[in-house]
2 protein chains.
Amino acid sequence: MDTEDFIGNVFDADCPSRVLFARIGDKWATLVIEVLADGPLRFSELRKRVKVVTPKVLTHTLRSLERDGLLNRTVYPQVPSRVDYELTPLGQTLLPPLTALRQWAENNVSTMLRARDEYDEEQDAVTLGL
Amino acid sequence: MDTEDFIGNVFDADCPSRVLFARIGDKWATLVIEVLADGPLRFSELRKRVKVVTPKVLTHTLRSLERDGLLNRTVYPQVPSRVDYELTPLGQTLLPPLTALRQWAENNVSTMLRARDEYDEEQDAVTLGL
DNA sequence: CGGTATCCGGTTGGATACTG
DNA sequence: CAGTATCCAACCGGATACCG
């Protein structure tokens with residue numbers, strides 16, 4: 001047979017994990033989701049709470065999250081215009097795993113950054129010591 | 001006072017969440033971590049299990065994870081050469097939250113992709129119907 | 001208020017070939 | 001076996017200005 005041998009846990013190019021990480025892997029998506037955890041916000045509020053994102057990039061982030069069914073965009077036809085963004089039920093189910101990650105970050109990122117500094121110092125030492 | 005007013009949950013530019021998402025947000029990092037969950041693997045094994053990553057990119061991913069103290073790189077001076085990669089204790093603490101995300105993905109990514117298709121169809125309809 | 005339009009630089013990641 | 005070297009296209013995200 002010309003199919004590949006089984007080699008344990010393989011992550012295919014289109015496996016769910018890859019899709020999800022491509023989705024939440026951009027710079028702003030998870031911040032937006034977490035900021036919306038407590039309820040709907042309008043565009044200008046989002047801009048204030050997710051700093052410091054330009055309107056173009058925030059718009060793109062919101063549109064792509066809407067496209068994926070993670071949030072709803074509601075336009076109130078009034079003057080001045082008002083647009084609310086809120087998590088969908090699907091989007092809300094993402095909150096617990098994201099919260100777990102945020103807690104890991106709060107507990108461990110400082111350690112990670114220290115390791116990073118040490119690594120860089122070693123590299124510098126090696127380079128200089130040649 | 002010229003400090004900004006408090007406006008609720010703000011994610012600063014250098015908050016732990018942002019650092020973590022910048023860290024795990026690249027295309028391969030989380031896959032590598034999960035593949036290493038069951039124990040150390042050598043370079044060629046990683047290449048087989050994390051498809052389809054080129055050696056240059058895999059090397060870069062591994063180096064940056066090593067830099068952040070999430071995995072160790074061990075060189076066995078023998079012929080042919082052998083290099084093992086394994087999670088550090090810190091790296092292992094990242095597994096539970098990543099597993100939670102993977103499970104979310106397995107349960108919900110199909111829904112997400114369906115929403116995506118529907119959104120695109122609507123957009124097409126709007127564009128064509130102008 | 002809630003966006004768009006345009007331009008642009010940096011980074012990411014892939015193709016390919018080569019090396020100790 | 002475990003990488004490096006080189007080149008390169010695409011995409012991401014930021015700056016700035018403008019619009020309904």
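In this text the structure is predicted, and so the values were computed from the model without any measurement. A note on names: the letters A, B, ... follow the listed sequences, proteins ahead of strands, and every chain is numbered from 1.
The side chain of A:Phe43 has C:dG2 as its nearest neighbour among C:dG2, C:dT6, D:dG3. Listed nucleotides: D:dC1, C:dG3, D:dT4. Nearest to the side chain of B:Pro55: D:dT4. Distance from the side chain of B:Pro80 is smallest for D:dC1 among the nucleotides D:dG3, D:dG13, D:dC1. Comparing atom distances between the A:Arg42 side chain and each of D:dG13, C:dG3, C:dC1 picks out C:dC1 as nearest.
A donor-acceptor pair under 3.5 Å is formed between the side chain of B:Thr88 and the backbone N or O of B:Gly69. Side chain of B:Arg47 to main chain of B:Leu58: no donor-acceptor pair is present (N/O by atom type, distance under 3.5 Å, no hydrogens or angles).
In this structure, B:Tyr76 reaches neither bases nor backbone, as no heavy-atom distance under 4.0 Å exists between it and the strands shown. Nucleic acid contact for B:Ser81: base, since at least one base atom lies under 4.0 Å from a heavy atom of the residue.
The distance between atom NZ of B:Lys51 and atom P of C:dG14, rounded to the nearest whole Å, is 15 Å. The nearest whole Å value for the distance from the CZ atom in B:Arg47 to the P atom in D:dC1 is 10 Å. For the pair A:Glu45 CD and C:dG3 C1', the interatomic distance rounds to 16 Å; values are reported in whole Å. At whole-Å resolution of the value, OH in A:Tyr85 and P in C:dC1 are 14 Å apart. C:dT11 atom C1' lies 12 Å from atom NZ of A:Lys27, rounded to whole Å. Taking atom CG on B:Leu58 and atom C1' on D:dA2, their separation rounds to 10 Å, with Å as the unit. If you measure from atom CD of B:Gln78 to atom C1' of C:dG20, you get 15 Å, rounded to the nearest angstrom. One can place CZ of A:Phe21 at 14 Å from P of C:dG13, the figure rounded to the nearest angstrom.
With the nearest nucleotide of DNA chain D identified for both B:Asp84 and A:Gly25, B:Asp84 has the one nearer the 5' end. Two residues, A:Leu62 and A:Lys56, neighbour DNA chain C, and the one matched to the more 5' nucleotide by heavy-atom proximity is A:Leu62.
Classification of B:Arg102 and B:Glu106 as a salt-bridged pair holds, one side-chain N sitting under 4.0 Å from a carboxylate O.
Distances shorter than 4.0 Å separate some side-chain N or O of A:Arg63 from OP1 or OP2 on C:dT4.
The closest side-chain heavy-atom distance from A:Leu87 to A:Leu95 is below 4.5 Å.
How far CH2 of B:Trp104 is from OG1 of B:Thr99: 16.0 Å, rounded to the nearest 0.5 Å.
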